[in-house]
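Inspection log for the structure reproduced underneath, given as structure tokens.
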Protein chains: 2
Amino acid sequence: MRQDTRLSRLLHVLLHMAQTDAPMTSQQIADMLGSNAVVVRRIMAGLRDGGYVEAERGHGGGWRITRGTEEITVLDVYRSLGSPDLFAFGFSNPRPSCLVEQSVNETIAESIDTATSAILEKFSTLRLSQIEAEVRERMQKT
Amino acid sequence: MRQDTRLSRLLHVLLHMAQTDAPMTSQQIADMLGSNAVVVRRIMAGLRDGGYVEAERGHGGGWRITRGTEEITVLDVYRSLGSPDLFAFGFSNPRPSCLVEQSVNETIAESIDTATSAILEKFSTLRLSQIEAEVRERMQKT
DNA sequence: ACATCATGTAATGCCTAAAGTTACACGACC
DNA sequence: GGTCGTGTAACTTTAGGCATTACATGATGT
């Protein structure tokens, strides 16, 4: 399977929205991402429901970020996507009768749980403002 | 995408093979996994090439483990699958011109790299014998 | 009013990789 | 030589992200 790129796309979009007061249309965002306006609306829906962005219709409408970049963590964005699976691997049978398979499952589950906790912990400390700061550094190097 | 269950399946199979001297046929393994003999041969190919198992043809043939369970780590098994992607998420554009996207990519990549190192490190310390020991504990509880 | 612009959403098809299936070649043992 | 097993290639199925089309809804401008 291909990889899920929604998280990085949302972060990308949010940071651009934070750089301007004017609302951005789904089409503008789609052009930015090399994607499609409908896809944009789909992945933005969770952010809207979470109150991180607002969408206005009609002339001059579009998407606007409603919080400061220091108020939004990567975890917030991840959750607004519905907390999709982080890992590409797992076990097939969730409740096996075979004892061996049970142990294997537990071993795998432990590794996944530990890694998941670590990543989500990291996501919870990562704020959009930090990525913003890194962008500024990157601009100075140019 | 659905999840990749090959790693847990291989571990399951290897532990069963370690419990008997008689070779196991692909069909027997497939029945055990609720899968297909051809699929079994496919996922076992890497283990065979890595020298962890041997396959014999004809009457009385089948698969046999060629190493002790304390000599095989989960990392060995993972590698014999060709080290498939561990994570279900990533970024779409590997070399974006947009500075914001570059920073987002780096942020995501850092998280993935850190977590990957941690998991592979964990895999390298996990030996089949340890899972075996846990199976024995599980049997006593029954 | 009404045309235009924008979001909201359903429905459909595309793409990719694991998994399942079919078919057949090769080799070993009875 | 028949049977049992692995080794592979080729095709189908499946699931989810992604792209596209179509249409409804609402807000703005003339």
Side-chain angles (χ1 to χ4, degrees), chain A residues 1-10 12-13 17 22-49 53-66 78 80-93, chain B residues 1-10 12-13 17 22-49 53-66 78 80-93:
Chain A
M1 150 216 338
R2 209 206 229 149
Q3 293 195 129
D4 185 342
T5 63
R6 291 176 296 171
L7 180 61
S8 62
R9 283 177 153 181
L10 276 189
H12 183 188
V13 170
M17 286 201 293
M24 298 182 66
T25 70
S26 300
Q27 188 56 57
Q28 287 173 331
I29 296 173
D31 292 344
M32 216 166 62
L33 296 178
S35 178
N36 184 287
V38 176
V39 174
V40 170
R41 291 188 194 111
R42 202 146 56 201
I43 66 179
M44 297 283 287
L47 285 179
R48 181 194 56 215
D49 297 345
V53 298
E54 273 176 0
E56 278 170 41
R57 307 207 233 196
H59 275 284
W63 300 89
R64 223 188 308 247
I65 195 168
T66 59
Y78 168 72
S80 75
L81 283 170
S83 303
D85 268 347
L86 291 176
F87 291 91
F89 71 107
F91 32 84
S92 38
N93 195 349
Chain B
M1 114 205 79
R2 208 209 229 145
Q3 292 195 131
D4 186 342
T5 63
R6 292 177 295 173
L7 180 62
S8 62
R9 283 177 154 182
L10 277 189
H12 183 189
V13 169
M17 286 201 294
M24 300 182 66
T25 69
S26 299
Q27 187 57 56
Q28 287 172 332
I29 296 174
D31 292 342
M32 216 167 63
L33 296 178
S35 179
N36 185 287
V38 177
V39 174
V40 169
R41 291 190 194 109
R42 198 145 60 198
I43 68 179
M44 298 283 287
L47 285 179
R48 181 195 56 215
D49 297 344
V53 298
E54 273 176 2
E56 278 169 39
R57 308 206 234 196
H59 276 282
W63 299 88
R64 222 189 308 249
I65 194 167
T66 58
Y78 168 72
S80 75
L81 284 171
S83 303
D85 265 349
L86 292 176
F87 290 93
F89 70 107
F91 33 84
S92 37
N93 196 348

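Naming convention: chains lettered A, B, ... in sequence-line order (proteins, then strands); numbering from 1 in each chain. Just so it is clear, the values below take in all heavy atoms, side chains as well, and ignore hydrogens, waters and symmetry mates.
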(request) Mind calculating the distance between CG (A:Asp49) and C1' (C:dT7) to the nearest angstrom? (result) 13 Å
(request) Quick one: pull up CE in B:Met24 and CG in B:Asp31 and give me the separation to the nearest 0.5 Å. (result) 9.5 Å
(message) The side chain of B:Thr25 is closest to which nucleotide in this list: D:dC18, D:dT6, D:dA15?
(response) D:dT6
(message) Whether A:Ser26 contacts C:dA6 is assessed here as follows: a side-chain N or O lying under 4.0 Å from the phosphate OP1 or OP2. Is that the case?
(response) no
(request) Send over the distance from A:Met44 CE to C:dG8 P, rounded to a whole Å. (result) 9 Å
(message) Any side-chain N or O of A:Arg41 below 4.0 angstrom from OP1/OP2 of C:dT7?
(response) yes
Report all interatomic pairs (protein N or O, nucleotide N or O of nucleotides 20-22 of chain C) with separations under 3.5 Å.
residue, atom, partner, partner atom, Å
C:dG20, OP2, B:Arg9, NH1, 3.3
C:dG20, OP2, B:Ser35, OG, 2.7
C:dG20, N7, B:Arg42, NH2, 2.8
C:dG20, O6, B:Arg42, NH1, 3.2
C:dG20, O6, B:Arg42, NH2, 3.4
C:dT21, OP2, B:Asn36, ND2, 3.4

(message) Counting only side-chain heavy atoms from C-beta out, which of D:dT6, D:dT14, D:dC18 sits nearest to A:Arg6?
(response) D:dC18
(message) Working to the nearest 0.5 angstrom, can you tell me the gap between B:Ile29 CD1 and B:Asn36 CG?
(response) 12.5 Å
(request) Could you check how far CD of A:Glu54 sits from P of D:dA27, rounded to whole Å? (result) 13 Å
(request) Within residues 55-65 of chain B, find the residues that approach DNA chain D with a heavy atom at under 4.0 Å, and present them sorted by residue number. (result) B:Ala55, B:Glu56, B:Arg57, B:Gly58, B:His59, B:Gly62, B:Trp63
(request) Quickly work out the A:Leu7 CG to D:dC18 C1' distance and round it to whole Å. (result) 16 Å
(message) Quick check: do B:Gln28 and B:Trp63 have side-chain heavy atoms less than 4.5 Å from each other?
(response) no
(message) How many whole angstroms separate atom CZ of B:Arg2 from atom P of D:dT14?
(response) 9 Å
(request) Would you mind reading off the distance between A:Ile43 atom CD1 and C:dG8 atom P, rounded to a whole angstrom? (result) 13 Å
(request) Would you give the length of the straight line joining atom CZ of B:Arg6 to atom CD1 of B:Ile43, rounded to the nearest 0.5 angstrom? (result) 8.0 Å
(request) Figure out the CZ/P separation between B:Arg48 and D:dT6, and round it to whole Å. (result) 11 Å
(request) Starting at atom CZ of A:Phe89, determine the distance to atom C1' of C:dA19, rounded to an integer number of angstrom. (result) 18 Å
(message) Once rounded to the nearest 0.5 Å, what's the spacing between atom OG of B:Ser92 and atom CG of A:Leu33?
(response) 7.0 Å
(request) Any chance you could measure B:Glu54, atom CD, to B:Met44, atom CE, to the nearest 0.5 Å? (result) 11.5 Å
(request) Could you tell me the separation between the OG atom of A:Ser26 and the CZ atom of A:Arg42, rounded to the nearest 0.5 Å? (result) 12.0 Å
(message) I'd like to check the salt bridge (Lys or Arg N to Asp or Glu O under 4.0 Å) partners of B:Glu56; sequence neighbours left out, ordered by chain and number.
(response) B:Arg64
(message) Looking at B:Ser35 and B:Ala30, would you say the former's side chain and the latter's main chain have a donor-acceptor pair under 3.5 Å?
(response) no
